[in-house]
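Reckoned from all heavy atoms, side chains included, excluding hydrogens, waters and symmetry mates. In what follows, chains are A, B, ... by sequence order, proteins preceding strands, each numbered from 1.
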Amino acid sequence: AQSVTQPDIHITVSEGASLELRCNYSYGATPYLFWYVQSPGQGLQLLLKYFSGDTLVQGIKGFEAEFKRSQSSFNLRKPSVHWSDAAEYFCAALGGSARQLTFGSGTQLTVLP
Amino acid sequence: DSGVTQTPKHLITATGQRVTLRCSPRSGDLSVYWYQQSLDQGLQFLIQYYNGEERAKGNILERFSAQQFPDLHSELNLSSLELGDSALYFCASSVEAGRAYEQYFGPGTRLTVT
């Protein structure tokens, strides 16, 4: 079955530190991949997407993600985290015959001052 | 602001009741999706409409139904509500140009069933 896995339920980093959030997918072929962020009480905002081509994609708010086919991964990174980045992050995939997004379970990010 | 609007923002109702959630997609988007976010199930796809027609169905209960109107807004109808239906319901929209498209989410409607 098609699935998206985010192994880390909760990550805590200090402000200014680097960040990497993990995402793995299980699909027959490479799906389209997305990262969304959800701030408390808010909807989901699209950070970045990968459809094809360059495996390092840049997004909004200084985020980037790297697609690695060999590892079936699409990890999200940020070189220096700001307190306003505290939120829940969702990896999602769109592939196969499905027209809808399949979401991972989310990673809650806490940023320490 | 994604351009997708949802009303109401909050809804509190009793078990057994029926409610309607409304969504207006971004200007130009023809496809509307409904998702349910709950603590135990996470984010789950419910149903998709494209230009007024049902396109795909996910984990949507028979008590739930949706439709998309000629002006492209969509409504999600939830009936015979149970405590377990308490969740955040999101609407998303996309242009749907082939498969290479992204979905933009509204702020959600928080439903509380008491």
- [ ] Group every Ile, Leu, Val, Met, Phe, Trp and Tyr by side-chain heavy-atom contacts under 4.5 Å, then state whether Val37(A) and Tyr50(A) land in the same group.
- [x] yes
In terms of heavy-atom contacts, Tyr36(A) and Gln103(B) come closest through OH-O, 2.6 Å
Okay, Gln45(A) and chain B: the region with an atom under 4.5 Å from a heavy atom over there is neither
dist Gln41(B):CD -> Phe103(A):CZ (nearest 0.5 Å) comes out at 15.0 Å
Closest non-hydrogen contact found for Phe105(B) with Leu44(A) is CB-O, 3.5 Å
Q: Spell out, yes or no, whether Val113(B) and Val19(B) are grouped together once hydrophobic residues are joined by side-chain heavy atoms under 4.5 Å, including indirect joins.
A: yes
Path from Trp35(A) to Tyr27(A) over hydrophobic side-chain contacts below 4.5 Å: yes
Glu102(B) and Phe51(A) have their tightest heavy-atom pair at OE1-CZ, 3.9 Å
Take Tyr35(B) and Leu101(A), measure what side chain to side chain contact (heavy atoms under 4.5 Å, CB included) needs, and give me the verdict at the end.
CA-CA 9 Å; Tyr35(B) 291 86; Leu101(A) 290 168; 3.4 Å; yes
Among residues 47-70 of chain B, those lying within the under-4.5 Å heavy-atom range of chain A are Gln48(B), Arg55(B), Ala56(B)
If you tally heavy-atom pairs under 4.5 Å between each of Gln6(B), Gln44(B), Gln37(B) and chain A, the highest tally belongs to Gln37(B)
d(Leu43(B) CG, Glu88(A) CD) to nearest 0.5 Å is 8.5 Å
- Message: Let me check something: do Leu21(B) and Tyr33(B) share a hydrophobic cluster, defined by ILVMFWY side-chain heavy atoms less than 4.5 Å apart, either directly or through other members?
- Response: no
Can you confirm whether Ile60(A) is buried at CD1, in the sense that more than 12 heavy atoms of other residues, nucleotides or ligands lie under 6.0 Å from that atom? yes
Check: For Leu56(A), does the CG atom have more than 12 heavy-atom neighbours from other residues, nucleotides or ligands under 6.0 Å away?
Finding: yes
Exercise for review: Verify the cluster assignment for Leu72(B) and Val4(B): are they in a single hydrophobic cluster under the rule of side-chain heavy atoms below 4.5 Å apart?
Suggested key: no
